[in-house]
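Each remark here refers to the structure printed beneath this line.
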Number of protein chains: 2
Amino acid sequence: MLHDPAQLDRMFQALADPARRQMVDRLSRGPASVSQLAEPLAMSLSAVIQHLNLLEASGLVRTQKLGRVRTCQIEPTALRAAERWINERRLAWERRLDRLGDFLAETRDET
Amino acid sequence: MLHDPAQLDRMFQALADPARRQMVDRLSRGPASVSQLAEPLAMSLSAVIQHLNLLEASGLVRTQKLGRVRTCQIEPTALRAAERWINERRLAWERRLDRLGDFLAETRDET
DNA sequence: TTAACACTGAAGTATTTACTTAACTATTGC
DNA sequence: GCAATAGTTAAGTAAATACTTCAGTGTTAA
C-alpha cells in the first residue's frame, strides 16, 4: 500500500504546499497539538485544520485525540516512500551516466 | 541557491502532478524529445509543453534545442535537493525517537 | 520551393485549491 | 452550571491549475 500510486499522488500533493511543509517541519522536531501547529502560521485555525486533514489523508501525519486536544505526529514510513520515489529516479539516471562513461572510456581505448 | 525556499517550493509543486512525475520517470531512463515525452500521455502536445516548462523552471529538468527538436534531461542535483529536504525531516524525527528510547531505558534502570 | 515536422504561444474554460467567516460541538476547570 | 478552551464543519470566494483549440514559428528533406 506504500506503492499505491494514488497514495504517492496525495503525498507529493501534500508536500507541494509551503504551509504544509512547514507543519511537517515542525512535527519533525516532535509531536504537537493543532494550535501549536497553527501558532507560527499566518492563517486561521480553520485553514490549518484543513491542511492537517490533507496531511493525514496523505499518510504523512498521524493524529490522535485525547480529550479536547488532537496530537499530531509524523509517519516516517510515508516520508520514506516519497524519498524513495525520488531516489530511485535519480539513481537510475546516475547509473545510466556511469554506464555511458564506461562505454566512452572503452571506445577511446579501442582506437 | 539549492536551498532557496522558493526553488524548493517550485520543485515540490512540480512533483505534485502525476503527469509531470511520469515525465520525470521517463527521463530517468534517458534523455527524450518533447514528442517522446508526450507520447504515453493522454493530453495535447501543448499541455505537455506547459508541464515541461514548469519542470524546467523548477530546476528538475534541463532542455536544449538543436534544430527543431528540444531534448530534455534530468537535473539530478535538483532531485537531490528535494530528496534531502524529506530525508532531513525524517531523520530528525527518528533521532528524536531514538533519544526517547534511550531515556526510557535509562529511567527503567534507575528503579 | 514547398510540404511535413517539431515545437510554441495565446486565449479561453472548467476544476481545484487555499483560504475566509461564522456557527457549532465536546472538554475542562472553577 | 458556566465560561473558557480546543477543535470542527459548512459555505462561500478569489486565485491558481490543468487542460483545450487554434494559429503560429523555425527546421529539415524531397
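To find a chain, count down the sequence lines: A is the first, B the second, and so on, and within it residues start at 1. This one's a predicted model, so the numbers in the text were calculated from it and none came from an experiment.
Interface residues of residues 64-73 of chain B facing DNA chain C, ordered by number: B/Lys65, B/Arg68, B/Val69, B/Arg70; criterion, heavy-atom separation under 4.0 Å. If you check residues 45-56 of chain B against DNA chain C, the residues with a heavy atom closer than 4.0 Å are B/Leu45, B/Ser46, B/Ile49, listed by number. Taking every heavy atom of residues 14-24 of chain B and every atom of DNA chain D, pairs under 4.0 Å involve B/Asp17, B/Arg20, by number.
Closest non-hydrogen pair, B/Pro40 versus B/Gln36, comes out as CD-O, 3.5 Å. Here the shortest heavy-atom pairing between A/Leu52 and A/Val34 reads CD2-CG2, 3.7 Å.
Regarding A/Met43, its CE atom lies at a distance of 17 Å from the C1' atom of D/dT13, rounded to whole Å.
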**Report entry** Verdict with supporting geometry, A/His51 and A/Met43, side-chain contact (heavy atoms from CB on, under 4.5 Å)
**Finding:** CA-CA 11 Å; A/His51 282 305; A/Met43 66 181 71; 3.7 Å; yes
Query raised in the report: Does the pair B/Arg80 and A/Glu94 meet the rule for a salt bridge (charged side-chain N to carboxylate O under 4.0 Å, His left out), with working shown?
Result: CA-CA 11 Å; B/Arg80 199 180 280 112; A/Glu94 288 173 351; 2.8 Å; yes
Query raised in the report: Can you list the steps and then say if B/Leu60 with B/Glu75 is a side-chain contact (heavy atoms from CB on, under 4.5 Å)?
Result: CA-CA 5 Å; B/Leu60 287 168; B/Glu75 188 58 71; 5.9 Å; no
**Report entry** Candidate pair A/Trp85 and B/Ile86, rule side-chain contact (heavy atoms from CB on, under 4.5 Å), full reasoning
**Finding:** CA-CA 11 Å; A/Trp85 189 92; B/Ile86 302 178; over 6 Å; no
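Residue contacts shown for B/Gln36 are absent, as no nucleic acid heavy atom lies under 4.0 Å away.
Look at A/Gln13 and you'll find a side-chain N or O under 4.0 angstrom from OP1 or OP2 of C/dT17.
A cation-pi arrangement is present between B/Arg96 and B/Trp93, with the terminal nitrogen or guanidinium carbon under 6.0 Å from the aromatic centre and inside a 45° cone about the axis.
For the residue pair A/Gln13 / A/Arg10, no side-chain donor-acceptor distance below 3.5 Å is found, with atom types taken as modelled.
Under the 4.5 Å side-chain contact rule for hydrophobic residues, B/Leu27 and A/Leu91 do not share a cluster.
Taking 4.0 Å as the cut-off between side-chain N and carboxylate O, A/Arg62 and A/Glu56 do not count as a salt-bridged pair.
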